[in-house]
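Below is one structure, written out as structure tokens, with a few remarks after it.
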Amino acid sequence: MPELLQTTHDIALEYARWFVNRRAYVMQSEKPEATSGRHCYYRPRNGRDPVELTPSDIERHLAGDITLGIYAINPVTQRVKWIAIDADYENALDDLLKLQLGLARDGVQAALEQSRRGGHLWIFFDNPVMAKHARTYVQHLARQLSIGVKGSDGACGIELFPKKDQVKEGRFGNAIRAPLGVHRAVNRRYWFHGVASDLETQMTYLRNLPRVTEEQLRDRIAGLRIDPPLIWRRAIGFQPDRRRFVILDHIDTRRRIGRNWVAQCPSCATAGHDRSKDNLAISVEEPWKYICWAGCRKEQIRAALGAPIPIRRY
């Protein structure tokens, strides 16, 4: 077990200002579950009633005595103080570093936290922003960088916390392990990358990290919609077919007109055309059907997306 660290009430309060958006929380179990061997998370209770997070709990978490899991969304406001990008698959760190660089080029400084099988990339806001806007921004950037986003269809990729745009009052969503604590499964403390591995330096790093304002976030998502694939999958009960190419998984739409989504044609854009971003029409009900009104063939569109139509061999 790692050595317990010295911490203070003031440090816990500062940590809470950055990370705690609601007082509901979970705690990682000390002992593994008998059947799965996992150190699961549970909600501490006083009798039947869940207990609320206190500065004392945060002190114990930072010291290494307990391990907390925290929720992103406040269900009253549907706002978040942060969004965390989780990746725990092969080459996960490569994708996170690619995202971190892409964010930096967009003027957003993100903190990379190590984890057991990959890492977490954290974006902080100076004041809470709508969860929907934060998720839209990250989803859009990931697609621009050709990084997969894990979704309800089981696709592999990064996972966003919060996992949804909103939670109903009285519900919780999905918790993520709070940073700077000890992961019980490996009895190891994971630090933010690029700075010294001690609590004081880590807190100073987080304190000085530039926060994204709501105005900056709005500027970056201007003209974007909530991820359309989620909308049409829920609307028509879509079941994924890996043999079928769905263009909505590769582009962003601008708006819906009648029975179609309207978007920029990738092939036109590659040639320096379609500056109005409305040449491509995609069927809402059958999103594997699409057409470019400027006459681009599907082979050209797919090639521009980096997903060429496979050549059939007989």
Side-chain angles (χ1 to χ4, degrees), residues 85 94-95 98-99 101-108 132-158 160 165 216-313:
I85 305 162
D94 291 341
D95 281 351
K98 188 176 179 181
L99 264 173
L101 179 59
L103 287 163
R105 288 172 175 167
D106 206 25
V108 176
K132 173 174 61 178
H133 295 166
R135 283 173 43 81
T136 297
Y137 172 57
V138 174
Q139 288 170 335
H140 171 67
L141 181 62
R143 282 197 295 269
Q144 284 187 317
L145 298 173
S146 300
I147 295 173
V149 179
K150 189 174 181 179
S152 58
D153 59 358
C156 179
I158 60 172
L160 307 186
D165 292 336
Q216 290 170 331
L217 179 61
R218 286 183 180 275
D219 286 344
R220 284 160 175 78
I221 64 171
L224 302 181
R225 299 184 63 91
I226 298 173
D227 189 16
L230 293 181
I231 296 174
W232 59 256
R233 283 189 175 98
R234 290 168 182 165
I236 66 175
F238 178 78
Q239 295 297 321
D241 181 346
R242 298 301 176 201
R243 297 167 297 178
R244 176 174 280 166
F245 177 83
V246 178
I247 197 168
L248 286 177
D249 288 334
H250 298 265
I251 64 170
D252 295 298
T253 62
R254 292 182 59 79
R255 61 189 180 276
R256 176 175 173 174
I257 299 179
R259 297 181 179 181
N260 296 318
W261 294 109
V262 175
Q264 183 178 45
C265 170
S267 177
C268 289
T270 301
H273 306 311
D274 194 13
R275 294 184 179 179
S276 60
K277 301 182 179 180
D278 58 3
N279 280 1
L280 191 69
I282 307 106
S283 168
V284 171
E285 294 185 355
E286 299 176 292
W288 47 90
K289 295 182 179 180
Y290 53 94
I291 186 172
C292 172
W293 297 117
C296 294
R297 302 190 312 275
K298 286 191 175 182
E299 291 83 357
Q300 294 172 305
I301 296 171
R302 289 280 298 268
L305 288 170
I309 296 175
I311 298 174
R312 294 185 178 182
R313 302 185 183 280

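For the single chain, residues carry numbers from 1 onward in sequence order.
- Distance check: Ile158 CD1 to Leu99 CG gives 5.0 Å after rounding to the nearest 0.5 Å.
- Atom OG in Ser283 sits 12.5 Å away from atom CD1 in Ile247 (nearest 0.5 Å).
- Across all their heavy atoms, Cys296 and Cys268 have their closest contact at SG-SG, 3.5 Å.
- Val262 and Lys277 make their closest contact through CG1-O, 4.2 Å (heavy atoms, listed as atom of the first residue, atom of the second, distance).
- Judged purely by atom type and a 3.5 angstrom limit, Asp274 uses its side chain to pair as donor or acceptor with the backbone of Cys265.
- For the atom pair CZ of Arg297 and SG of Cys292, the computed distance is 11.5 Å after rounding to the nearest 0.5 Å.
- Remark: Leu145 CG to His140 NE2 distance equals 9.5 Å, nearest 0.5 Å.
- Nearest heavy-atom pair across Pro287 and Val284 is CD-O, 3.8 Å.
- Within the model, atoms CD1 of Ile221 and NZ of Lys132 stand 8.5 Å from one another, a figure rounded to the nearest 0.5 Å.
- Within the 4.5 Å cutoff, side-chain heavy atoms of Ile251 are placed close to those of Leu280.
- Smallest separation of non-hydrogen atoms from Trp293 and Asp278: CD1-O, 4.3 Å.
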Go through it in stages, so that I can follow the logic: the residues are Leu160 and Ile85, the test is side-chain contact (heavy atoms from CB on, under 4.5 Å), and I'd like the CA-CA distance, side-chain angles, deciding distance and then a yes or no. CA-CA 5 Å; Leu160 307 186; Ile85 305 162; 4.0 Å; yes
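- No donor-acceptor pair under 3.5 Å is formed between the side chain of Glu299 and the backbone N or O of Ile309.
- Annotation: the span from Ile291 atom CD1 to Asn279 atom CG amounts to 11.0 Å, rounded to 0.5 Å.
- Heavy-atom minimum distance, Tyr290 versus Lys298: O-CE, 3.6 Å.
- For the residue pair Arg302 and Pro308, the shortest heavy atom distance occurs at NH2-O, 3.4 Å.
- Atom NZ of Lys289 has 12 or fewer heavy atoms from other residues, nucleotides or ligands within 6.0 Å.
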